[in-house]
Amino acid sequence: QVQLVESGGGLVQAGGSLRLSCAASGSIFSIGAMAWYRQAPGKQREAVAGITSGGSTNYADSVKGRFTISRDNAKNTVYLLMNILKPEDTAVYYCNAVIATMAGGFGVNYWGKGTLVTVSS
């Protein structure tokens with residue numbers, strides 16, 4: 001079994017910063033791409049940032065220049081550093097990863113349960 005557990009969410013004022021972490025644990029053989037998504041109240045879940053196993057990154061236009069995704073492969077962890085936060089960044093942030101387990105087979109898409117980020121104006 002595999003688990004993704006996010007941490008680091010909270011309440012912050014506009015212009016502030018937060019760093020989210022997501023640690024994968026369990027019977028992991030390898031981890032491919034990892035990503036952060038978010039879902040604001042009343043809106044669909046949207047991709048925020050992604051990073052390949054080799055370290056290539058991409059970002060949603062709305063967060064480019066403000067957010068930075070990174071990963072520590074030795075710790076099976078992905079991070080999201082969020083700077084210059086805006087009220088519109090308020091959402092539940094979810095971690096996503098493609099993980100192949102020790103049981104074999106292809107990588108499967110796993111999701112964390114989310115961490116709430118609230119940005120006050």
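- Note: the hydrophobic cluster containing Leu81 does not contain Tyr59 (ILVMFWY, side chain heavy atoms under 4.5 Å, direct or indirect links).
- The shortest side-chain heavy-atom distance between Ile31 and Asn76 falls under the 4.5 Å cut-off.
- For the ring-ring contact (aromatic ring centres under 6.0 Å, His included) condition, no pair includes a residue of residues 77-101, sequence neighbours left out.
- Applying the salt bridge (charged side-chain N to carboxylate O under 4.0 Å, His left out) test to every pair with at least one member in residues 71-88, sequence neighbours left out, gives no pairs at all.
- Take Asn58 and apply the side chain to side chain contact (heavy atoms under 4.5 Å, CB included) test, not counting sequence neighbours, and it matches no residue.
- The number of heavy-atom neighbours closer than 6.0 Å to CD of Gln3, taken from other residues, nucleotides and ligands shown, is 12 or below.
- Closest non-hydrogen pair, Leu85 versus Leu18, comes out as CD1-N, 3.9 Å.
- Contacts of Phe67 classified as ring pair (Phe, Tyr, Trp, His ring centres under 6.0 Å), with partners at least two apart in sequence or in another chain: none.
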side-chain contact (heavy atoms from CB on, under 4.5 Å) between Ile69 and Val78, worked out: CA-CA 7 Å; Ile69 189 171; Val78 63; 3.8 Å; yes
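- Residue pairs satisfying the ring-ring contact (aromatic ring centres under 6.0 Å, His included) criterion with at least one member in residues 19-58, sequence neighbours excluded, are listed as follows: Tyr37-Trp111.
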Please table the atom pairs, donor to acceptor, closer than 3.5 Å between any side-chain atom in residues 96-109 and protein atoms at least two apart or in another chain.
unit_1, atom_1, unit_2, atom_2, d
Asn96, ND2, Asn109, OD1, 3.0
Asn96, ND2, Tyr110, O, 3.3
Thr101, OG1, Ala103, N, 3.3

Listed pairs under 3.5 Å, donor-acceptor, residues 44-55 side chains, sequence neighbours left out:
unit_1, atom_1, unit_2, atom_2, d
Glu46, OE2, Arg38, NE, 2.7
Glu46, OE2, Arg38, NH2, 3.3
Thr52, OG1, Gly54, N, 3.3
Thr52, OG1, Gly55, N, 3.2
Thr52, OG1, Ser56, N, 3.0

Can I get a per-line list of side-chain donor-acceptor pairs under 3.5 Å for residues 19-27, giving both atom names and the distance, sequence neighbours left out?
none

Hey, can you pull the donor-acceptor pairs under 3.5 Å for the side chains in residues 6-15, sequence neighbours left out?
unit_1, atom_1, unit_2, atom_2, d
Glu6, OE1, Lys113, N, 3.1
Glu6, OE1, Gly114, N, 2.9
Glu6, OE2, Cys95, N, 2.8
Glu6, OE2, Gly114, N, 3.1

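- Considering CD1 of Ile84 and CZ of Arg66, their distance stands at 7.0 Å, rounded to 0.5 Å.
- For Lys64, the side-chain hydrogen bond (donor to acceptor under 3.5 Å, both in side chains) criterion is met by Asp61, not counting sequence neighbours.
- For Ser30, the side-chain hydrogen bond (donor to acceptor under 3.5 Å, both in side chains) test picks out no residue, with sequence neighbours left out.
- Side-chain atoms of Val117 and Thr90, non-hydrogen and from C-beta on, never get closer than 4.5 Å to each other.
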